[in-house]
Amino acid sequence: MKKILVANRGEIASRIIRTCNQMEIQTVAVYSEADKELPFVQAADEAICIGKSPVAQSYLQMDNILAAANQFHVDAIHPGYGLLSENGTFAEKVEAQGFIFIGPNADTIHLMGDKISSREIMSRAGVPVVPGSEGNVENAEKASRVARSIGYPVMLKASGGGGGIGMVLCRNESQLQAAFRSVKARAKTNFRSDHIFIEKYIENARHIEVQIFGDRFGQYVHLFERDCSVQRRNQKVVEESRAPSLSIKQREQLYEIALLAAKAVQYKNAGTVEFIMDEEGNFYFLEMNTRLQVEHPVTEMITNLDLVEWQIRIARGEAIPLKQENIHAEGHGMEFRVYAEHPNSFLPSPGKLIKLQWGSGSLRIDSGYREGNEVTPFYDPLIAKCIIHGETRKECILRARDFFEQTTVEGIQTNIPLFLRVLENESFINGTHSTNLLEKMKE
Amino acid sequence: MEVLSSMAGTVFQLLVSKGDTVEKGQIVIILESMKMEIPIESEHSGIVQEIYVTEGDFVNEAERLLKLV
């Protein structure tokens with residue numbers, strides 16, 4: 001594998017290019033008109049504009065990306081996260097044109113992308129799933145029947161959704177009736193399938209996920225867990241590894257069921273099995289992400305491994321580089337997603353990054369932008385990830401406070417003031433917080 | 001009276017047509033910015049006389065969207 005096209009943008013494109021450089025693999029960046037000034041375009045060995053600013057006219061244009069791959073004679077395509085990374089059709093097209101898709105098989109992506117089928121597969125394999133409907137919920141009557149049998153509150157979810165998109169919490173029958181039609185309609189427009197399902201909503205849940213890898217030799221390993229319970233609008237804001245306040249027994253159980261899930265679909269390459277944990281400490285399968293996660297750096301921090309390097313090595317046919325017994329975790333890792341948004345209302349704040357001055361401290365900063373760049377409204381609000389490694393969780397918290405207190409961003413609003421409040425929050429400090437932490441802090 | 005865009009984004013949905021009566025506080029347009037839907041409310045009551053944008057258009061902050069009389 002001599003040349004890789006990175007079919008993504010921003011910080012993750014820069015991140016992938018960095019590992020390619022270390023492995024002496026050439027890189028090709030593809031970019032939209034709005035992104036032409038961003039660091040990832042300059043970081044790549046070669047770069048080509050693939051369309052106008054909206055994602056539908058650039059980063060989601062499979063044919064333009066494949067044309068670039070042919071033009072620059074690449075060997076493989078790395079999809080990053082989001083965009084086309086979990087699009088099974090894209091993976092098929094990439095392979096059909098003779099390129100290596102750096103990720104799992106297209107079949108696995110299709111199966112796990114359909115949340116109804118992934119629930120069924122996992123349940124059959126003995127992985128505990130959240131109590132809920134079986135198959136598609138066709139109409140509002142069936143929805144209320146299911147909701148009554150599992151008990152309110154419930155989550156109404158689009159089968160083609162994921163990552164917090166296309167779901168609505170319903171606390172009673174009237175909310176369910178009000179939400180049913182809009183969730184179904186939205187599912188149809190956003191995910192091209194109006195199939196929806198119902199899950200019991202677990203109160204005061206924690207979001208815990210396990211990083212796994214599989215290879216073509218049928219070997220599977222886990223790289224420990226991450227806690228991603230600090231969320232807004234069901235999307236992650238702060239992640240850490242390892243998860244606080246878990247017993248050794250709970251951890252072992254978690255890894256065991258995550259590997260069971262990986263084997264159930266003969267998973268290849270990097271993947272994440274997401275769970276929610278209820279107040280009694282029971283784990284339930286939520287979804288499987290068939291790609292590199294945004295928060296993969298916290299795992300890299302504690303294992304001292306390069307997950308993108310592993311992805312590339314497995315994609316070119318190698319076995320998983322390490323045996324399970326040789327994968328060790330050391331210290332604590334914590335990641336903060338800096339979003340261009342208002343810290344309280346979470347409303348977007350696009351604009352020019354007039355000043356971007358990070359605090360001091362030996363942090364890893366995966367940034368998609370540099371001072372002077374324009375943060376445009378066409379893409380998600382993530383501008384950078386700040387990743388901290390400490391000997392203990394407490395040390396991470398103290399260093400994060402120092403770092404963000406010294407950080408100055410001008411021209412746009414960011415959620416840094418929110419981080420500072422989270423870092424002072426008692427339940428966060430104690431590691432007993434759940435996914436409603438940010439909602440509770442608003443009250 | 002004009003309805004202005006509260007931030008830069010793309011016009012995702014136009015919820016009114018020329019000649020419609022709108023109330024103060026009514027959502028008239030949904031913008032999409034940074035993958036989020038932003039409802040734009042009318043700050044006045046009136047009748048829609050002019051629509052300056054169509055779905056899919058890009059608008060800057062404080063750009064005019066509608067004219068009411």
Please classify the contact of B/Ile38 with chain A as side chain, backbone, both or neither, using a heavy-atom distance under 4.5 Å.
side chain

Going by an N to O cut-off under 4.0 Å, is there a salt bridge joining B/Lys67 and B/Glu2?
no

Part of A/Ser53 lying under 4.5 Å from any heavy atom of chain B:
neither

Look at B/Glu61, B/Glu37, B/Glu32 and state which one has the largest set of heavy-atom pairs under 4.5 Å with chain A.
B/Glu37

Pair A/Tyr31 and A/Tyr59, ring centroids less than 6.0 Å apart
no

Does the ring center of A/Phe378 lie less than 6.0 Å from the ring center of B/Phe58?
yes

Segment of B/Ser33 engaging chain A (4.5 angstrom heavy-atom cut-off):
both

Non-hydrogen atoms of chain B under 4.5 Å away: do they reach the side chain of A/Phe346, the backbone, both or neither?
backbone

Carboxylate-amine/guanidinium contact A/Lys385 A/Glu11, below 4.0 Å:
yes

Is A/Lys236 paired with A/Glu209 through a side-chain N to carboxylate O contact shorter than 4.0 Å?
yes

